Student: 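Input: one structure, supplied below.
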Number of protein chains: 2
Amino acid sequence: MPQGLSPDELPKLEALICTARSVQRGEALYRSGDRFDNIYAVRSGSMKTVMAHRDGREQVTGLRLAGEALGLDGMSDDVHACSAVALEDSTVCIVPYSALKSLCREINSMQERLHKLLGEQIVREAGQMMVLGSLSADERVAAFLLDVSQRNAQRGYSSAEFNLRMTREDMGSYLGMTLETVSRTLSRFQKRGLIDTQGKHIRIVDLEGLQRV
Amino acid sequence: MPQGLSPDELPKLEALICTARSVQRGEALYRSGDRFDNIYAVRSGSMKTVMAHRDGREQVTGLRLAGEALGLDGMSDDVHACSAVALEDSTVCIVPYSALKSLCREINSMQERLHKLLGEQIVREAGQMMVLGSLSADERVAAFLLDVSQRNAQRGYSSAEFNLRMTREDMGSYLGMTLETVSRTLSRFQKRGLIDTQGKHIRIVDLEGLQRV
DNA sequence: CGTTTAATTGAGGAAAGTCAAGTGAAGTGG
DNA sequence: CCACTTCACTTGACTTTCCTCAATTAAACG
């Protein structure tokens, strides 16, 4: 998260991060409607963000792996628009927003970094709109696996093999399809020799094949 | 756009806005891949933002009415992630990003305003992900009409009656369905007495009915 | 005013959803 | 630590929704 800061600036960011917090699997770090005070960075584990329609239907709107930022959905009106729920026992760094704002006014590169973060989320979400709006079920699942794989690689983990702590239902919700269709699609990918799945453990066997789906 | 600025700050914003630019119907204000230099505000007319998949498929990712901000998709990596195309002859205000950044460091409320703008887009897009991921065709169209209606009201125009300059194809793309399904859905809404359409002109007859869809 | 582009409507087909049953994994308490 | 309960996942059969293709009508633009 703190990329591109000079040596003398890093301590200031560190001073900002008051506390770390641990969140149990299934527990909410914040809920839709909660006051927005902090931005978070996932330190270990992973989380999902969930948004609710007024009739109660819920949709997973995001997945956050270790190292990724969380909580930006509260900036628009000082109240969180979605809930953040831990997919496994996780820890997050807490960054008080008001302090971060001040720091962004003082330090150029800090402002730059926050802007990039916001911009990335905007582009990521637009990309997900594309996935939901124009891809078939197969394409959606493939795109999702490739996205997670790539994000794993970015953080120095294996891009070929990883644990996805989401349930099939979470994946389905995120990808706009039912859990059965997710399951069937994964099975089909396995038969075609594209991946190898055992429940939540996923290994990408044929990367290029998956990209061609 | 410049809400919440004090009287002495407004001139500074105005100084920032170097030029206005007019964009002809169908013309692109910027294209995906263009360098990101400016943020824009639609002054008159309306625009769509479009994102392309690598295989060429395009999806409409946003609609911007007069008064709304545009161009934020370039902040993440200094290159625009989508294209902005005029739906009718339009004009936009140009706000140079680098100057805006400086101003945000000087003026508290300016920073606040930009952050809100970014936060709003993040929440708006998450909302659209919900629409695409969990609503039926009928519900999508209804949600879209209500959204446009509400945004019209916000800007002081009629919430009950408006011109939608998008084609059925644009709407379909934005809502993740085919133009035929959009057309059929609108016809059905009309038969049910919810709306009254003549091509691009739309009148909402039964607001509550539309909300119940 | 004619030509192009957009919209409507119908018929048939395909993709994904629903319902249901069975299997496997994981967490809990004795 | 094992048995038990619960939850997650898989797979099949059937249904529904939406898409595709096609023909026609209406609107927009030069």
Side-chain angles (χ1 to χ4, degrees), chain A residues 24-27 48 57-60 85-89 131-145 163-192 195-203 213, chain B residues 24-27 45-46 48 57-60 85-89 131-145 163-192 195-203 213:
Chain A
Q24 298 294 308
R25 194 174 81 90
E27 190 192 340
K48 65 176 174 182
R57 271 177 292 185
E58 285 198 339
Q59 163 132 359
V60 174
V85 177
L87 292 168
E88 59 195 300
D89 295 356
V131 167
L132 292 168
S134 18
L135 304 191
S136 70
D138 279 15
E139 292 170 323
R140 288 181 208 191
V141 172
F144 177 64
L145 294 178
N163 272 342
L164 246 189
R165 306 310 264 266
M166 294 174 116
T167 65
R168 300 289 186 259
E169 184 164 21
D170 284 335
M171 273 194 247
S173 171
Y174 183 57
L175 297 175
M177 54 209 246
T178 59
L179 66 100
E180 290 95 332
T181 302
V182 173
S183 179
R184 276 188 249 271
T185 305
L186 289 174
S187 300
R188 219 163 336 102
F189 282 0
Q190 177 142 8
K191 278 198 197 93
R192 284 161 60 181
I195 61 171
D196 195 16
T197 62
Q198 308 260 35
K200 301 216 186 326
H201 187 83
I202 290 176
R203 193 164 60 85
V213 166
Chain B
Q24 298 295 308
R25 194 174 81 89
E27 190 191 341
S46 55
K48 65 176 174 181
R57 272 177 292 185
E58 285 199 340
Q59 163 133 357
V60 174
V85 177
L87 292 168
E88 59 195 301
D89 294 356
V131 167
L132 292 168
S134 19
L135 304 192
S136 70
D138 279 16
E139 291 171 324
R140 289 181 208 190
V141 173
F144 177 65
L145 294 178
N163 271 343
L164 247 189
R165 306 310 263 268
M166 295 173 116
T167 64
R168 300 289 186 258
E169 183 163 23
D170 284 335
M171 274 195 246
S173 172
Y174 183 56
L175 298 174
M177 53 209 247
T178 58
L179 67 99
E180 292 95 331
T181 303
V182 172
S183 179
R184 276 186 249 272
T185 305
L186 290 173
S187 299
R188 217 159 344 99
F189 282 0
Q190 175 141 8
K191 277 198 196 94
R192 283 162 62 182
I195 61 171
D196 196 15
T197 63
Q198 309 257 40
K200 300 214 186 331
H201 186 81
I202 290 176
R203 192 164 61 83
V213 167

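Just so it is clear, the structure is predicted and the values come from calculations on it, not from any experiment.
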Student: Separation of B:D138 atom CG from D:dT16 atom C1', in whole Å?
Tutor: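 Rounded to the whole Å, the gap is 13 Å.
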
Student: Relative to the 5' end of DNA chain D, which residue comes earlier, A:T197 or B:T181, by the nucleotide with the nearest heavy atom?
Tutor: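 The residue whose closest nucleotide sits nearer the 5' end is A:T197.
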
Student: I'd like to know if A:R184 reaches the base of D:dG12 with its side chain, counting only an N/O donor and acceptor under 3.5 Å.
Tutor: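 Side chain to base: pair present.
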
Student: Calculate the interatomic distance between B:L179 atom CG and D:dA22 atom C1'; express it in whole Å.
Tutor: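 Those two atoms, CG and C1', are 13 Å apart.
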
Student: Tell me what A:G172 touches on the nucleic acid: a base, only sugar-phosphate, or nothing, going by heavy atoms under 4.0 Å.
Tutor: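 Nothing, no nucleic acid heavy atom in range.
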
Student: Any donor-acceptor pair, under 3.5 Å, between the side chain of B:R140 and the base of D:dT17, if you only look at N and O atoms?
Tutor: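 No such pair is found, so the answer is no.
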
Student: Give the nucleotide from the list D:dC9, C:dT9, C:dA6 with an atom nearest to the side chain of B:T167.
Tutor: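 For the B:T167 side chain, the nearest candidate turns out to be C:dA6.
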
Student: Name the closest nucleotide to the A:A137 side chain, picking from C:dT18, C:dA16, C:dA7.
Tutor: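 Nearest listed nucleotide: C:dA16.
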
Student: What is the distance, rounded to the nearest whole Å, between atom CE of A:M177 and atom P of D:dC9?
Tutor: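 So the two atoms are 14 Å apart, to the nearest Å.
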
Student: Would you classify B:L186 as touching base, sugar-phosphate or nothing, given that sugar-phosphate means primed atoms plus P, OP1 and OP2, and contacts are heavy atoms under 4.0 Å?
Tutor: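 Contact class for B:L186: none.
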
Student: Picking from C:dT18, C:dA6, D:dC9, which would you name as closest to the side chain of A:T178?
Tutor: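 For the A:T178 side chain, the nearest candidate turns out to be C:dT18.
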
Student: Side chain of A:S136 only, heavy atoms from C-beta on: which candidate in C:dT18, C:dA16, C:dT8 is closest?
Tutor: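 Nucleotide nearest to A:S136's side chain: C:dA16.
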
Student: Is any side-chain N or O of A:K200 closer than 4.0 Å to OP1 or OP2 of C:dA26?
Tutor: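 For C:dA26, OP1/OP2 do not have a side-chain N/O of A:K200 under 4.0 Å.
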
Student: Could you check whether B:E58 and B:S173, counting side-chain N and O atoms only, form a donor-acceptor pair closer than 3.5 Å?
Tutor: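 Not at all, the side chains of B:S173 and B:E58 share no donor-acceptor pair under 3.5 Å.
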
Student: Using only modelled atom types and a 3.5 angstrom limit, is any donor from either the side chain of A:E169 or the base of D:dC9 paired with an acceptor on the other?
Tutor: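 No pair found.
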
